[in-house]
Amino acid sequence: MEAAIPLAFTAAWASGINPYLLVFLMGILGRVTDFNVPVAFERVDVLLVFGVLVVIDAIADKIMWLDSAWDVFNTAIRPIAGGVVALLIASPSVDLPSAVIAAGGGVVALITHVAKATTRLAVNTSPEPASNVVVSVAEDAAIVGVVITAIFNPWIAAAIAAVLFIAGGVFAIAVAGTARAAMRKRRQRKTQPTNQPKHPPISSGPESGSDE
């Protein structure tokens, strides 16, 4: 149980960013290495389904504003995935310590998801699409790097994940104002046409004519 705690935390953090890549990567590593992962992750059908989801996520996560819509869609999925993955890593049977780890995993994944979604809203204020691609690739690279590190030392991987977890939360708080401003501007652009008068006002000046 003690050895599972750092790996469960790492997996929960990764689930808050991209649970599909996490499960797919752990399943592949479980097949080709001695890395101890939940047996379900190594199944062919699971790998195929999550492989397709990885591709969908990779596309949606790199398109401006579509990435934020994708984050909204994943608001429930990522925290639940974090809890489930943490539970499967902690123990094949559900006991109190495993349940606590699962609950903690869900909280970590939820906070990470909120930080990711907030950061993406702020990034979307940039007029060019390259920043979305850079941030998305950086997120996926961080997951791959941390999970591979966990093969050799789960505690080091958990420490790296903890630093990224804290840094992501602090950065999200710092840019939260920018994200709110972006959403206000987006709502104003949607409502602006309806607020404009359908016909120009009738002028009361000399051009309108007067009786003498």
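The backbone N or O of Ile77 sits nowhere less than 3.5 Å from a side-chain atom of Asn74 that would complete a donor-acceptor pair. Checking side-chain atoms of Thr118 against main-chain N and O of Ala115 turns up no donor-acceptor pair under 3.5 Å. Distance alone, capped at 3.5 Å, is enough to place a donor-acceptor pair between the Arg120 side chain and the Asp61 backbone.
Connection of Trp13 to Ile151 is established within a shared hydrophobic cluster, with ILVMFWY side chains joined at heavy-atom distances below 4.5 Å, either directly or through further cluster members. By the rule that hydrophobic residues join a cluster once side-chain heavy atoms approach within less than 4.5 Å of another member, Ile56 and Ile80 end up as members of one cluster. A continuous path of ILVMFWY side-chain contacts below 4.5 Å connects Leu29 to Met26, so both sit in one hydrophobic cluster. Criterion: ILVMFWY side-chain heavy atoms under 4.5 Å apart, direct or through other members. Under it, Phe35 and Phe152 are part of a common hydrophobic cluster. Cluster membership check: Val44 does not share its hydrophobic cluster with Val39, using side-chain heavy-atom separations under 4.5 Å among Ile, Leu, Val, Met, Phe, Trp and Tyr.
Minimum heavy-atom separation, Ala81 to Pro19: CB-CB, 3.7 Å. The two residues Leu22 and Ala11 make their nearest non-hydrogen contact at CD2-O, 3.2 Å. Pro79 and Ala109 get closest at one heavy-atom pair: CA-CB, 3.7 Å. Between Thr10 and Pro154, the shortest heavy-atom contact is OG1-O, 4.4 Å.
Val52 is not listed as a side-chain neighbour of Tyr20, based on a closest heavy-atom distance of 4.5 Å or more. Side-chain contact between Leu21 and Glu139: absent, with no pair of heavy atoms (C-beta onward) separated by less than 4.5 Å. Residues Pro38 and Ile89 meet the side-chain proximity criterion, which asks for heavy atoms closer than 4.5 Å. The shortest side-chain heavy-atom distance between Lys62 and Asp140 falls under the 4.5 Å cut-off. Looking only at side-chain heavy atoms (C-beta outward), Val37 and Glu42 come within less than 4.5 Å of each other. In this structure the side chain of Phe41 never reaches within 4.5 angstrom of the side chain of Ile28, judged on heavy atoms.
Residue Leu110 holds its CG atom at 12.0 Å from OG of Ser15, rounded to the nearest 0.5 Å. The OG1 atom of Thr149 sits 8.0 Å away from atom CD1 of Ile156, with the distance rounded to the nearest 0.5 Å. To the nearest 0.5 Å, atom CD1 of residue Ile143 and atom CD1 of residue Ile148 are 12.0 Å apart. For the atom pair CZ of Phe24 and CG of Leu47, the computed distance is 6.0 Å after rounding to the nearest 0.5 Å.
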Could you go step by step and tell me if Val54 and Leu25 meet the side chain to side chain contact (heavy atoms under 4.5 Å, CB included) rule?
CA-CA 10 Å; Val54 166; Leu25 180 61; over 6 Å; no
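Ring orientation note: the planes of Phe165 and Phe9 are nearly perpendicular, at an angle over 60° on the 30°/60° scale.
With a 6.0 Å radius and a threshold of 12 heavy atoms from other residues, nucleotides or ligands, Asp45 has its CG atom above the threshold.
Looking only at atom types and distance, the side chain of Asp57 has a donor-acceptor partner in the side chain of Trp70 under 3.5 Å away.
Applying side chain to side chain contact (heavy atoms under 4.5 Å, CB included) to Arg78 and the options Thr112, Ile17, Asp71 leaves one that passes, Asp71.
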